[in-house]
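I have placed the structure first, in the form of structure tokens, so that the comments after it can refer back to it.
What you are looking at is a predicted structure, and each value in this text was computed from that prediction instead of being measured.
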Amino acid sequence: MFIAHLPAGYLLSRRATTRRVRVALLVGSVLPDLDLLWFYLVDHGAVHHHRYVPHIPLLWGAVLVVGLALRRAFSVGDVLTGLGVGGLFHVVLDTAVGHIMWLWPWSDEMWAIWTVTRRFEPWWLNFLLHESFGLEIALCLAALMVWKKSKQNKRLAATVP
Ligand SMILES: [Zn+2]
């Protein structure tokens with residue numbers, strides 16, 4: 001997924017009960033792609049970045065479980081819960097075309113709903129012209145509509161005495 005992680009995270013974060021969880025969820029929805037820095041700057045593209053730890057669902061599942069366990073006693077539990085949900089959501093969305101190792105460490109087989117074949121140059125054009133990109137556009141438009149409606153409702157609420 002290229003452009004819809006943050007908009008999709010925004011849509012999901014609307015369900016969060018506190019601002020802290022909402023922000024953590026938004027951060028978690030994009031955090032796994034920080035491994036692109038390692039991919040480009042250190043590995044120079046030698047290993048698909050979805051094989052790195054930040055794209056392993058088990059990591060975000062563990063963060064979520066720890067967050068839920070700590071949630072009642074420590075405020076950091078809320079943050080970890082939001083990060084875990086956001087990170088899991090990220091890898092779920094990446095599964096559309098991104099190939100994710102859902103069963104790691106038991107298997108390093110990579111799973112995806114669609115496989116994008118290489119037909120165009122540069123490489124990213126193959127993803128933009130693939131049918132799965134419609135999902136990204138739909139998520140972006142939905143987030144934009146929800147955001148605009150939210151702003152409109154806040155403006156209305158501010159004008160009502
Ligand atoms: Zn990703």
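- For Arg118, the salt bridge (charged side-chain N to carboxylate O under 4.0 Å, His left out) criterion is met by Glu121, not counting sequence neighbours.
- Between Met101 and Arg51, the closest side-chain pair of non-hydrogen atoms falls below 4.5 Å.
- Residues meeting the ring pair (Phe, Tyr, Trp, His ring centres under 6.0 Å) test with Phe120, sequence neighbours left out: none.
- For Asp35, the salt bridge (charged side-chain N to carboxylate O under 4.0 Å, His left out) test picks out no residue, with sequence neighbours left out.
- Taking hydrophobic clusters as Ile, Leu, Val, Met, Phe, Trp and Tyr residues chained together by side-chain heavy-atom distances below 4.5 Å, Trp38 shares a cluster with Leu36.
- Interatomic distance, Leu129 CG to Arg119 CZ, rounded to the nearest 0.5 Å: 7.5 Å.
- Cluster membership check: Met1 shares its hydrophobic cluster with Leu34, using side-chain heavy-atom separations under 4.5 Å among Ile, Leu, Val, Met, Phe, Trp and Tyr.
- Checking His49 against Asp43 by side-chain atom types alone, no donor-acceptor pair falls below 3.5 Å.
- Put simply, the side chain of Asp33 reaches to within 4.5 Å of the side chain of Asp94, judged on heavy atoms.
- Note that CG of Leu139 is 11.5 Å distant from CG of Leu6, once rounded to the nearest 0.5 Å.
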* **Working for ring-ring contact (aromatic ring centres under 6.0 Å, His included), residues Phe133 and Phe127** => CA-CA 7 Å; Phe133 200 67; Phe127 289 89; 9.3 Å; no
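- A distance of 11.5 Å separates CH2 in Trp147 from CD in Gln152, rounded to the nearest 0.5 Å.
- In this structure, Pro7 and Cys140 approach most closely via the heavy-atom pair CG-SG, 3.8 Å.
- Counting heavy atoms from C-beta on, the side chains of Pro57 and Ile100 come closer than 4.5 Å.
- Placement of Leu37 and Leu59 within a single hydrophobic cluster is found when ILVMFWY residues are connected by side-chain heavy-atom separations under 4.5 Å, directly or transitively.
- Judged purely by atom type and a 3.5 angstrom limit, Ser107 has no side-chain atom pairing as donor or acceptor with the backbone of Trp104.
- Every residue was checked against the ring pair (Phe, Tyr, Trp, His ring centres under 6.0 Å) condition with Phe89, not counting sequence neighbours, and none meets it.
- For Arg20, the salt bridge (charged side-chain N to carboxylate O under 4.0 Å, His left out) partners are Asp78, not counting sequence neighbours.
- In this structure, a donor-acceptor pair under 3.5 Å is present between the side chains of Trp102 and Thr95.
- Proximity of Trp60 to Leu64: side-chain heavy atoms (C-beta onward) are nowhere separated by under 4.5 Å.
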* Asked: Can you list the steps and then say if His90 with His55 is a side-chain hydrogen bond (donor to acceptor under 3.5 Å, both in side chains)?
  -> CA-CA 8 Å; His90 180 104; His55 274 86; 3.2 Å; yes
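- Looking at residues two or more places apart in sequence or on another chain, you find no side-chain hydrogen bond (donor to acceptor under 3.5 Å, both in side chains) involving Asn126.
- Checking side-chain atoms of Glu136 against main-chain N and O of Phe2 turns up a donor-acceptor pair under 3.5 Å.
- Residues Val85 and Val66 share a hydrophobic cluster, clusters being chains of Ile/Leu/Val/Met/Phe/Trp/Tyr side chains in contact below 4.5 Å.
- Scanning both residues, Val63 and Gly84, for their nearest heavy atoms gives CG1-N, 3.7 Å.
- Between Leu11 atom CG and Leu26 atom CG the span is 10.0 Å, to the nearest 0.5 Å.
- Going from atom CG of Leu25 over to atom OG1 of Thr18 covers 10.0 Å, rounded to the nearest 0.5 Å.
- Note on Val21 and Val76: separate hydrophobic clusters, where clusters join Ile, Leu, Val, Met, Phe, Trp and Tyr whose side-chain heavy atoms are under 4.5 Å apart, directly or indirectly.
- Closest approach of Tyr10 and Ala143 over heavy atoms only: CE2-O, 3.7 Å.
- Note that the CZ atom of Phe74 and the CG atom of Leu80 stand 11.5 Å from one another [nearest 0.5 Å].
- Here the side chain of His50 pairs a donor or acceptor atom with the backbone of His99 at under 3.5 angstrom.
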* Asked: Should Val146 and Arg14 be marked as a side chain to side chain contact (heavy atoms under 4.5 Å, CB included) after you check the CA-CA gap, both sets of side-chain angles, and the distance that decides it?
  -> CA-CA 9 Å; Val146 168; Arg14 306 271 306 157; 3.5 Å; yes
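- For the pair Ser132/Ile113, no side-chain contact is recorded, criterion being any heavy-atom separation below 4.5 Å from C-beta on.
- The closest side-chain heavy-atom distance from Val27 to Leu83 is below 4.5 Å.
- Contact check for Pro32 versus Tyr52: no side-chain heavy atoms found under the 4.5 Å cut-off.
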